[in-house]
Amino acid sequence: MTRRSSIAVTGLIAIAFFIAFFLATPAHAAGLLIADDGGLLSIEEHTVHVTVNNGIAVTQVTQVFRNQENRVVEGLYSFPVPARASVAGFSMWIDGQEMIGEVLEKQAAREIYNTYKSQKQDPGLLEQSDYRTFDLRVFPIKPLAVQKIQITYYQELESDDDWMTYVYPLASNARQVVNSRVSGLFSLTIDVKSAEPIAEMKSPSHGADLQVTRYSDNYSRASLRALGASLNRDVVIATRGSRAPTGASLIANKEADADGYFSLSLRAGDDLKERNSSADYVFLLDVSASMRDEEKLDQSRQTLAALVDALADDDRFDVIAFNNRQTTAFGSLVAADAAHRSDGAKFLASRQARGGTDFNAALSAAYRYAKDSRALNIVLISDGLSEQSRLASLMRLIASRPKQSRILCVGIGNDVDRALLQRMADETGGLAAFISADGDFQRQAAALHRKLHRPTISNASVEIDGVSVRDVEPAVLGNLFDGTPARIFGRYREGGVANVKLKGIVGGEPFAQTFQVNFPQSDAENPQIQRMWALRRIDRLLNGRGASAADIDQIIRLGQQYSIATEYTSFIVLANDAEYTKWKIDQHNAVRLTSDRDAQTKVDLQLRQLRDKAPNGRGDPSLGPAVTTHAGPSPSPATPSMQSLTSANPNGLPHYGGAFDPVTVGLVAGLCGAAVRRRRRLSSEDPASKNSPKLE
C-alpha cells in the first residue's frame with residue numbers, strides 16, 4: 001500500500017466530529033477571580049454546562065468565590081474566549097438577586113463602573129482586553145463574603161476532517177500566580193445533540209475520569225466531577241460521528257411575525273474523488289521569541305514533523321525556520337523520503353526561539369520555490385503574533401503571491417492571533433487550523449494532507465431559491481475543503497422549502513449540486529443563531545484592516561442590540577433595575593436572555609425525556625443495552641520518524657473520580673407578554689440591516 005492510499009484509508013476510518021474542552025498548556029489558570037490589591041480569594045465552586053446543538057455550543061459557566069480577608073477587595077476575573085465565540089451573558093448575584101448585565105459603549109460602561117466604585121456600591125464590568133481575552137471587574141467583595149458570577153457564551157464550532165473543535169480554555173498566562181484549586185466542587189457536563197449519528201465520545205486528556213453515556217444515535221452526554229480539583233489546565237473531549245456526503249443542512253430561529261435567522265452548513269463529502277497529483281510544500285516554522293511561551297516551539301516541532309511524515313513519496317518539501325532572518329533545512333525542494341525526513345528532524349531539533357517576527361521576509365523566501373508546473377503549498381506554523389505596523393505590507397505581499405500557490409496557516413497554542421492567520425489563509429484560497437498542546441498531531445497532519453489531495457470546491461458560491469434571504473455572512477464562500485464544512489448565517493422573512501444550489505470548480509471542471517432545505521415559519525429553539533449572525537457581521541467589520549468610524553458605530557449598535565461584548569462594547573452590571581433606569585440603560589439583554597433561557601429549558605427537557613426513557617436512565621432502549629463508557633484515550637500509532645525528535649506532553653492531571661449527571665433544568669421558564677412585545681419592538685429597530693451585502 002502506498003503512503004498516500006494508507007493516509008486516505010486512515011482518514012476514512014477516522015471520520016468524526018471533535019469537541020475539545022480545556023486545551024492543555026502549562027501556564028497559570030484563567031477563569032479565576034484575582035484580588036487586584038493582593039487580597040486572597042478562593043474558588044468554592046466551578047460549574048460548567050454546555051449544550052451542543054448541530055455545531056453551535058452554548059456554554060454557561062457559574063463560579064462562586066469567597067473573600068478570605070476581613071476587608072473589602074476588588075476582584076479581577078480574566079478569561080480567554082475561544083475563536084468564533086460571543087459572550088452573550090454576564091450576571092452577578094447582589095444581595096441574593098441575579099442582576100443581568102447590559103451592553104454599552106466601552107468608555108461609557110467604564111465611566112459608570114468607576115462612579116459606583118468610588119461610592120463603594122455594587123457594579124460589575126466585563127470588557128475585552130485584547131483580541132482573545134476578557135476582563136471582568138467586581139467591586140466590592142465584602143469581608144469574608146461569597147460572590148457568585150455567571151458567564152454565558154455561544155460558539156460556532158470549528159471543524160477539521162469531521163472533528164469539530166469546542167474550546168473552553170482554562171490555561172492561560174494570568175497576571176500573577178494564583179491558587180487555581182477549587183476548595184469545593186468542580187463539575188462539567190456536556191450534552192451533544194446532532195442530526196448525524198454519534199458513534200463515540202472519548203477524552204484524550206482525562207481518559208477514564210470522564211463518564212460518557214449515549215442515550216440515542218443522536219444524543220450523548222459526558223460528565224466530570226471532582227472535589228478540590230486544580231483548574232490550571234484544560235480538558236479534551238472527542239465525539240465521533242458518521243461522515244455525510246456532499247450536502248447542506250440548516251437550523252433556524254424565527255418568531256412567527258418577525259424576521260428569521262438561519263445557519264446553513266455546506267460540506268464536501270466522500271462522493272468527490274481523490275486527486276492523484278503531487279505537490280510542493282514549503283514549511284515556514286516561526287522561531288521568534290513569542291514561540292517560547294506555553295511550549296509553543298515544542299508543539300510546532302511536533303506538528304511540523306507530523307505534517308512532513310504525512311507527505312506522499314512523490315511530494316517535495318523544504319523547511320524554513322524564521323524570526324528576523326531565515327534559515328533553510330535544504331535550500332531546495334527535496335523528495336519526502338525517509339532520509340530527508342531524518343535530516344529535517346535534525347534541523348528542527350537545533351532550532352531555538354529568539355528574536356522578532358518577520359512574516360514578509362519568510363513569505364518572500366517561500367515564493368522563490370514556485371514552479372508553474374506544480375502546486376505550491378506554503379504552510380505557516382506560528383502563533384501569528386507580530387508587529388501590527390507591518391500588516392499592510394504583509395497583505396500586499398500575500399496579494400502578489402505566485403500563481404498556483406496558497407498559504408495554509410497552523411496556529412499553535414492558546415495565545416494566538418487567529419484573526420490574522422485566518423485572514424492570510426482566506427485571501428490565498430488556503431485554510432487555517434489551530435492545534436493545542438494535547439492535540440493529536442498525526443491525525444491533524446493526515447487530515448490537512450487529505451484536504452490538499454482531495455478535491456477542493458474552489459470559488460464556491462451558493463444560490464437560494466424559493467425563500468428570500470438577506471444580510472448573508474459571509475457574502476463570499478471562497479474554497480470548500482474536504483472535511484471542513486462552510487457555514488453561512490443570514491436572515492429571512494417568510495419560511496418555506498428552498499432549493500440551495502452549491503456551485504464551484506472541481507478539478508478544473510464546473511461543479512453544481514442542488515439540495516432542498518426547509519426554512520421554518522416559526523422556530524423558537526435556536527435563539528443563539530441571532531447572536532452568531534451578529535458576531536459574523538462584527539468580525540467582518542473589524543476584519544483586521546482597521547475599522548472605519550462608520551464601521552465602529554455599527555459594531556457598537558450591533559453589540560448593544562444583540563448583547564455582544566467587543567473591543568468597542570462592554571457589559572455593565574448594576575445593583576437593581578432602578579439603577580439601570582437612572583442611567584437610561586434599556587435592558588435589552590434581560591429580555592433576550594430570558595428568551596434564550598426559555599429555549600434552553602425546552603432543549604434540556606427534551607434531552608431529559610431521552611434520558612428518562614432509557615433503562616435506569618443509562619441509555620436508549622432502542623440501542624439494546626445501555627451504553628455507558630469511560631472515555632479513555634485511543635492507542636497512539638507507532639511514532640513516525642520525524643515525530644521522534646520531541647517527547648510527548650506529560651498529562652500530570654489530577655484524579656477526577658466518579659460519574660456526574662446533573663439535571664440542568666429549572667432555568668427561567670416562559671416569556672411574559674410584555675417581554676415578547678418589547679423584544680419584537682427592539683428587533684424592528686435593528687440597525688444592522690441597512691447597507692447590507694446581498695447573497696450572490
Side-chain angles (χ1 to χ4, degrees), residues 81 83-88 101-112 125-132 134 154 156 258-259 261-262 388-396 398-399 417-420 422-424 426-427 468-478 487-493 529-572 583-586 588-589 592 679 681-696:
V81 169
R84 293 185 176 180
S86 164
V87 177
E102 296 295 335
V103 174
L104 299 180
E105 187 275 328
K106 187 172 187 176
Q107 187 58 36
R110 168 66 74 149
E111 290 174 358
I112 293 173
L125 178 71
L126 184 148
E127 56 189 4
Q128 185 172 343
S129 58
D130 60 32
Y131 61 88
R132 70 180 186 93
F134 288 79
Y154 298 161
E156 178 186 349
D259 271 3
Y261 296 77
F262 69 88
Q388 290 297 308
S389 60
R390 298 184 180 181
L391 182 59
S393 61
L394 175 62
M395 291 300 111
R396 289 193 296 270
I398 287 173
D417 191 341
R418 289 174 176 256
L420 174 61
Q422 188 69 59
R423 183 180 172 194
M424 292 173 68
D426 290 345
E427 297 203 4
S468 178
V469 301
R470 63 186 179 92
D471 302 340
V472 172
E473 298 288 348
V476 178
L477 279 182
R487 185 179 282 119
I488 62 175
F489 294 87
R491 304 171 72 174
Y492 68 101
R493 186 64 188 175
I529 300 299
Q530 297 188 26
R531 278 196 179 93
M532 300 311 300
W533 169 83
L535 184 63
R536 277 292 191 100
R537 173 148 295 191
I538 288 171
D539 285 344
R540 177 174 59 79
L541 293 170
L542 291 170
N543 76 28
R545 298 178 174 87
S548 66
D551 290 339
I552 293 172
D553 286 343
Q554 189 173 170
I555 290 167
I556 293 171
R557 291 197 300 270
L558 285 165
Q560 292 176 322
Q561 184 68 38
Y562 292 89
S563 303
I564 298 174
T566 70
E567 60 187 88
Y568 299 106
T569 55
S570 301
F571 275 94
I572 185 78
W583 292 96
K584 299 180 180 179
I585 298 174
D586 290 330
H588 293 266
N589 199 41
R592 183 178 291 278
R679 182 174 175 208
R681 176 179 60 80
L682 295 175
S683 178
S684 68
E685 297 170 358
D686 179 8
S689 61
K690 298 179 181 179
N691 302 318
S692 300
K694 299 297 187 288
L695 182 66
E696 297 177 354

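Quantities reported herein were computed from a predicted structural model and do not represent experimental measurements.
Across every non-hydrogen atom of A565 and F134, the tightest pair is CB-CE2, 3.5 Å. Minimum heavy-atom separation, Q128 to E567: OE1-N, 3.1 Å. Between S570 and L125 the shortest heavy-atom distance is CB-CD1, 4.2 Å. Contact record, V87 with F571: O-CE1, 3.5 Å, taken as the closest heavy-atom pair. Nearest heavy-atom pair across P474 and I488 is CD-CG2, 3.8 Å.
Residues M395 and L420 form a side-chain contact, since some pair of their non-hydrogen atoms from C-beta on lies under 4.5 Å apart. A heavy-atom distance below 4.5 Å is found between the side chains of Q554 and R537. With contacts defined as side-chain heavy-atom distances shorter than 4.5 Å, the pair I398/M424 qualifies. In this structure, Q560 and H588 have side chains that are not in contact, with every pair of non-hydrogen atoms separated by 4.5 Å or more.
Judged by distance alone, the side chain of E102 and the main-chain N or O of N589 form a donor-acceptor pair under 3.5 Å. R531 contributes a side-chain N or O that, together with a main-chain N or O of A88, makes up a donor-acceptor pair within less than 3.5 Å. In this structure, R536 contributes its side chain and V472 its backbone to no donor-acceptor pair below 3.5 Å.
Separation of atoms CD1 (I552) and OG1 (T566) is listed at 9.5 Å; rounding is to 0.5 Å. One distance of note links CD1 of I564 with CG of L558; it measures 7.0 Å at 0.5 Å rounding. Rounded to the nearest 0.5 Å, atoms CZ (R540) and CD1 (I555) are 10.0 Å apart. In this structure, the separation between CD on Q561 and CD on Q530 is 9.5 Å, given to the nearest 0.5 Å. If you take NZ on K106 and CD on E111, they are separated by 13.0 Å, rounding to the nearest 0.5 Å. In this structure, D259 CG and Y492 OH are separated by 9.5 Å, a value rounded to the nearest 0.5 Å.
Between Y562 and Y261, the ring planes are perpendicular. Angles over 60° get that label, and only those under 30° would be called parallel.
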